[in-house]
Protein chains: 2
Amino acid sequence: MTEEQRARRRDSAATREALLDAATTMFADRGFDRTTVRDIAKEAGVNQALLFRYFGSKESLFEEAIARGGHEQIATTKPEVLLETVLRNLLTSETGGERNHTLRVFLRSTGSNEAGSATRQRLGEEYTRALASLTGAEDADLRADLVLAWLVGISFLRDITEKDPLAGAEADRIVKLVLDASRTLLERIDET
Amino acid sequence: MTEEQRARRRDSAATREALLDAATTMFADRGFDRTTVRDIAKEAGVNQALLFRYFGSKESLFEEAIARGGHEQIATTKPEVLLETVLRNLLTSETGGERNHTLRVFLRSTGSNEAGSATRQRLGEEYTRALASLTGAEDADLRADLVLAWLVGISFLRDITEKDPLAGAEADRIVKLVLDASRTLLERIDET
DNA sequence: CAACGATGTAAGCAGCTGCTTACAACCGTA
DNA sequence: TACGGTTGTAAGCAGCTGCTTACATCGTTG
């Protein structure tokens, strides 16, 4: 930590990224309202005034945090396995590793109506489009939204309300049940 | 409004209920953190100090708001039609009428980790038990949780992020799709 | 009618929030 | 070495938050 701070001295790019990293995990854990700019700065080991120098406002930082990470997953994952990939990602509780916090940040931002709504909307559209490509139904987008809603709900019950037995269930078991039922809505999903 | 205030003077029960009503709708609309005690008191047409006299704290008021409304729906609705009933309730956007805000309050309380967590947990268990009675599978509770998660997710995308096409879709269409897919998880659901 | 508890009100307090400002330390350049 | 922009820091401001306190008013009961 101290070394990092030493190494980071006089390095604006690293400082910016440290703030963005800290913000992403804290927003995912506590949500927008409950995360203070002082918390973020402290976690990043950075003076909080710099947060405003580099991002302008707490909301702008939030938008950037939401945007980062969501896009590349969609871009780099084939639609056929997107559902399972996202599902497994949000079911995996290992804090280490490169877990994707996007969905949790998404969820935790409930209270804040304005904050990042444009970014959130765009991100949602990308997921819908990807999932909609899996069905030939005329209401493909609606069906895709329903699947997306399911992911959101599962993440909510598991991560936020920590509801058992869902919170404690094995990932494989949940994946199987969800994928089976999703085939009623979407056709082209890879068999596990 | 003025008449109500006049009529309510020196009536502690009515004052309490006015606060509870205002709190329920405001928590549902803005969430716990974004709703201030001054807002609630103003909406109820009541001095804010009374809020603390009757409920002790903002959190206690929140818990009571969550608890009220959820129980009777479960108690008065047959499990076979519970899913459709809850679904139609949260899909109906008519603000007038006796809409049940429970699920939305549930959702909007994301940021607040402690607030009402015990109450929320108990309420969730009741829903799970009711839904689990619809299947003979050995992992009935898990399957029920997944259905509950779906409801939560749909409510989230529709009410909070207002995601289209889900937000704009007809209730009947959604009900049909969800019920059909849910039959993969649960057996005994009334045909529409 | 006097007294007393129940109900309502106005004002304020201490703490926290996002954000700003004024300034110090640093570092490449001339 | 002197300068000037970049990066980092400390302090503070104005506004809002949940909550409390001291007091006024009502309505019932003896």
Side-chain angles (χ1 to χ4, degrees), chain A residues 1-23 26-27 29-65 108-109 111-116, chain B residues 1-23 26-27 29-65 108-109 111-116:
Chain A
M1 191 66 81
T2 311
E3 295 175 33
E4 270 185 8
Q5 282 175 5
R6 287 258 166 76
R8 197 190 306 132
R9 273 180 77 92
R10 300 273 125 185
D11 183 344
S12 65
T15 300
R16 234 191 90 103
E17 202 156 338
L19 282 167
L20 203 49
D21 284 345
M26 299 197 82
F27 282 144
D29 287 342
R30 308 191 207 169
F32 183 82
D33 289 331
R34 296 255 158 151
T35 303
T36 72
V37 294
R38 284 170 177 82
D39 287 339
I40 297 171
K42 190 176 180 182
E43 173 84 7
V46 155
N47 189 289
Q48 60 129 345
L50 295 178
L51 188 153
F52 294 95
R53 173 125 71 206
Y54 293 130
F55 296 94
S57 71
K58 187 188 175 189
E59 288 220 357
S60 300
L61 171 58
F62 178 78
E63 286 186 29
E64 202 157 323
R108 290 286 192 185
S109 64
S112 44
N113 271 332
E114 303 307 325
Chain B
M1 191 67 80
T2 311
E3 294 175 33
E4 271 185 5
Q5 281 175 5
R6 287 259 166 74
R8 198 193 303 132
R9 274 179 78 91
R10 300 275 127 184
D11 184 344
S12 65
T15 299
R16 233 191 90 102
E17 202 155 338
L19 282 168
L20 204 49
D21 285 344
M26 299 198 82
F27 282 145
D29 286 343
R30 309 192 207 170
F32 183 82
D33 288 330
R34 295 259 158 147
T35 304
T36 72
V37 293
R38 284 171 177 81
D39 288 339
I40 297 170
K42 190 176 181 183
E43 173 83 7
V46 156
N47 189 290
Q48 62 130 342
L50 295 178
L51 187 154
F52 294 95
R53 173 126 73 207
Y54 293 129
F55 297 94
S57 70
K58 186 189 174 187
E59 287 220 357
S60 301
L61 171 58
F62 179 77
E63 286 186 29
E64 202 157 322
R108 289 286 194 185
S109 64
S112 44
N113 272 332
E114 304 305 325

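In what follows, every heavy atom counts, from backbone to side chain, and hydrogens, waters and symmetry copies are set aside.
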Q. With a 4.5 Å heavy-atom cut-off, do A/V46 and A/L51 have their side chains touching?
A. no

Q. Over how many whole Å does the gap from B/R53 atom CZ to D/dA22 atom C1' extend?
A. 12 Å

Q) What integer distance in Å separates A/L51:CG from D/dT7:C1'? A) 15 Å

Q | Considering all heavy atoms, the nearest B/R30-B/R34 contact | A | O-CB, 3.3 Å

Q) Pick the nucleotide of DNA chain C nearest each of B/L50 and A/N47; which residue has the one closer to the 5' end? A) B/L50

Q.
Looking at D/dG8, I'd like to know if its phosphate oxygens (OP1 or OP2) sit under 4.0 Å from a side-chain N or O belonging to A/Y54.
A. yes

Q. What class does the angle between the rings of A/F27 and A/F32 fall in, given that below 30° is parallel, 30 to 60° is tilted and above 60° is perpendicular?
A. parallel

(Q) Could you walk me through whether A/L20 and A/F55 satisfy the side chain to side chain contact (heavy atoms under 4.5 Å, CB included) test, starting with their C-alpha distance in whole Å, then the side-chain angles of each, then the deciding distance to 0.1 Å, before giving a yes or no? (A) CA-CA 9 Å; A/L20 203 49; A/F55 296 94; 4.0 Å; yes

Q. Who are the side-chain hydrogen bond (donor to acceptor under 3.5 Å, both in side chains) partners of A/N47, not counting sequence neighbours?
A. none

Using the 3.5 Å cut-off, write out each protein N or O paired with an N or O of nucleotides 15-18 of chain D and the distance between them.
unit_1: D/dG18; atom_1: OP1; unit_2: B/T35; atom_2: O; d: 3.4
unit_1: D/dG18; atom_1: OP1; unit_2: B/K58; atom_2: NZ; d: 2.7
unit_1: D/dG18; atom_1: OP2; unit_2: B/V37; atom_2: N; d: 3.0
unit_1: D/dG18; atom_1: N7; unit_2: B/R38; atom_2: NH1; d: 3.0
unit_1: D/dG18; atom_1: O6; unit_2: B/R38; atom_2: NH2; d: 2.9

Q) Who are the side-chain contact (heavy atoms from CB on, under 4.5 Å) partners of A/F52, not counting sequence neighbours? A) A/V37, A/Q48

Q. Is the shortest heavy-atom distance from the side chain of B/L61 to the side chain of B/Y54 under 4.5 Å?
A. no

Q) Under the side-chain contact (heavy atoms from CB on, under 4.5 Å) test, which residues partner A/S60, sequence neighbours left out? A) A/S57

Just the table, please: protein N/O against nucleotides 3-6 of chain D N/O, every pair under 3.5 Å.
unit_1: D/dT6; atom_1: O2; unit_2: A/R10; atom_2: NH1; d: 3.0

